[in-house]
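Working notes, beginning with the structure itself.
Everything numeric in this text was worked out from a predicted model, so none of it was measured. Within every chain, numbering begins at 1; the chains are lettered A, B, ... in the order of the sequence lines, protein sequences first and strands thereafter.
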Amino acid sequence: MPELPEVESVRIGSQDWFSGRRIRTVRVFNSRSVRHHEQGVGDFEDRLAGVRLGDFVRRGKFMWVPLDSGDLLTFHLGMSGQIRASGSGGRAELEKNPHLRVTIEFDDQREVLHFVDQRTFGYLRIDTAAVLSETGELPIPESLAHIAPDPFDPDFDLDMVVAKAKSKRSPIKSVLLDQSVVSGIGNIYADEALWRAQIRWSTEASRLSVGRIRALYQAATEVMTEAIAVGGTSFDALYVNVNGESGYFERSLHSYGREGEPCDRCGSLIIRERFANRSSFRCPDCQRR
DNA sequence: AATGGTTCCTGGACGC
DNA sequence: TGCGTCCAGGAACCAT
């Protein structure tokens, strides 16, 4: 389940393997993976042939790379998307993978970019223009204009984020997951941030003090910083980096996925509750109201 | 306008 | 053993 730390790991790998190279051929094996490209699969493949990739950039869970054609190639990994680099060795194996959706081959005939995605929630899209977001000063693909800066973005403004969150009547977890407030946080890091800040997920955001909301976003930033340092969180083979390796953050989780296990702070047993059709994990004692 | 619910997808886990 | 059912979740989209 790639959230910000996992996507950052993929961005670094993509930059190392693919930046600066010129595309020779793009092949799309499942049209759903380019569903946002209205002109269709053929046009998607044709527009990318012959262009050179610039530097890979990330905002929240989105990643893109500017092209020397003036377009931008935007990636979202969804639930299960992977970007893999492989030369002749691992390539045959990857191309037998039934979940291989897109390949990008380069002029230099070196490593191929493989987009693998079991559940096809992820996608690639071509943006024709970069714009300034409402809150940001850095140009981003036009399709991402509604995505707020993440905590690692130079445009990130904690005071503004806290004020925006404070104005919401939704459960605080909904606000944490709202990519137009702060981007990059998903279900795992939301639960971990709430555990660290000792806040119950269902608390109405506007009923929390500014100080507690601030502490919550600082906790989210801390937990993602720590996860980035160890290559992200992996539960299974669904998240791997560009080289096919797993991250190590799972062993550092305090709440997510730990139903029935003792809270690392107070020893009470972690419980699982349903929220918006998905799971939330919390300590029943130190995350009360 | 803001908020909550629905939908897309696949395969592993589980119950009978 | 085999079949049916549930579950995982990001975010676009729709309904209220």
Just checking, any donor-acceptor pair under 3.5 angstrom between side chains of [X] and [Y]?
{"X": "A:W201", "Y": "A:E273", "answer": "yes"}
{"X": "A:S255", "Y": "A:R282", "answer": "no"}
{"X": "A:D55", "Y": "A:S19", "answer": "yes"}

Would you say the side chain of A:L73 lies within less than 4.5 Å of the side chain of A:W64, judging by non-hydrogen atoms?
no
hydrophobic_cluster_shared for A:V116 and A:F106, side chain cutoff 4.5 Å:
no
Within one Ile-Leu-Val-Met-Phe-Trp-Tyr cluster: A:F29 and A:I83, side-chain cutoff 4.5 Å
no
Atom [atom1] of [X] and atom [atom2] of [N]: how far apart are they, to the nearest Å?
{"X": "A:N187", "N": "C:dC7", "atom1": "CG", "atom2": "P", "answer": "15 Å"}
{"X": "A:L124", "N": "C:dG10", "atom1": "CG", "atom2": "P", "answer": "19 Å"}
{"X": "A:R119", "N": "C:dC6", "atom1": "CZ", "atom2": "C1'", "answer": "13 Å"}

Using only side-chain N and O atoms of A:S279, determine if any of them is under 4.0 Å from OP1 or OP2 of C:dA8.
yes
So, A:F121 and C:dG10: ring centres less than 5.5 Å apart, planes less than 30° off, yes or no?
yes
Using 0.5 Å steps for rounding, measure from the CZ atom of A:F115 to the CD1 atom of A:I104.
10.0 Å
Under 4.0 Å, heavy atoms only, any strand: does A:R35 hit a base, just the sugar-phosphate, or nothing?
nothing
5'-most to 3'-most nt of DNA chain B touching chain A (<4.0 Å, heavy-atom partner on protein side) reads B:dT3 to B:dG11
Please tell me which of A:H99 and A:R278 maps to the more 5' nucleotide of DNA chain B, matching each residue to the nucleotide holding its nearest heavy atom.
A:R278
Validate the cation-pi geometry between A:R84 and A:W17: distance from NZ or CZ to the six-membered ring centre under 6.0 Å, angle to the ring axis within 45°.
no
Distances for protein N/O vs nucleotides 12-16 of chain C N/O pairs under 3.5 angstrom?
unit_1: C:dA12; atom_1: OP2; unit_2: A:H146; atom_2: NE2; d: 3.1

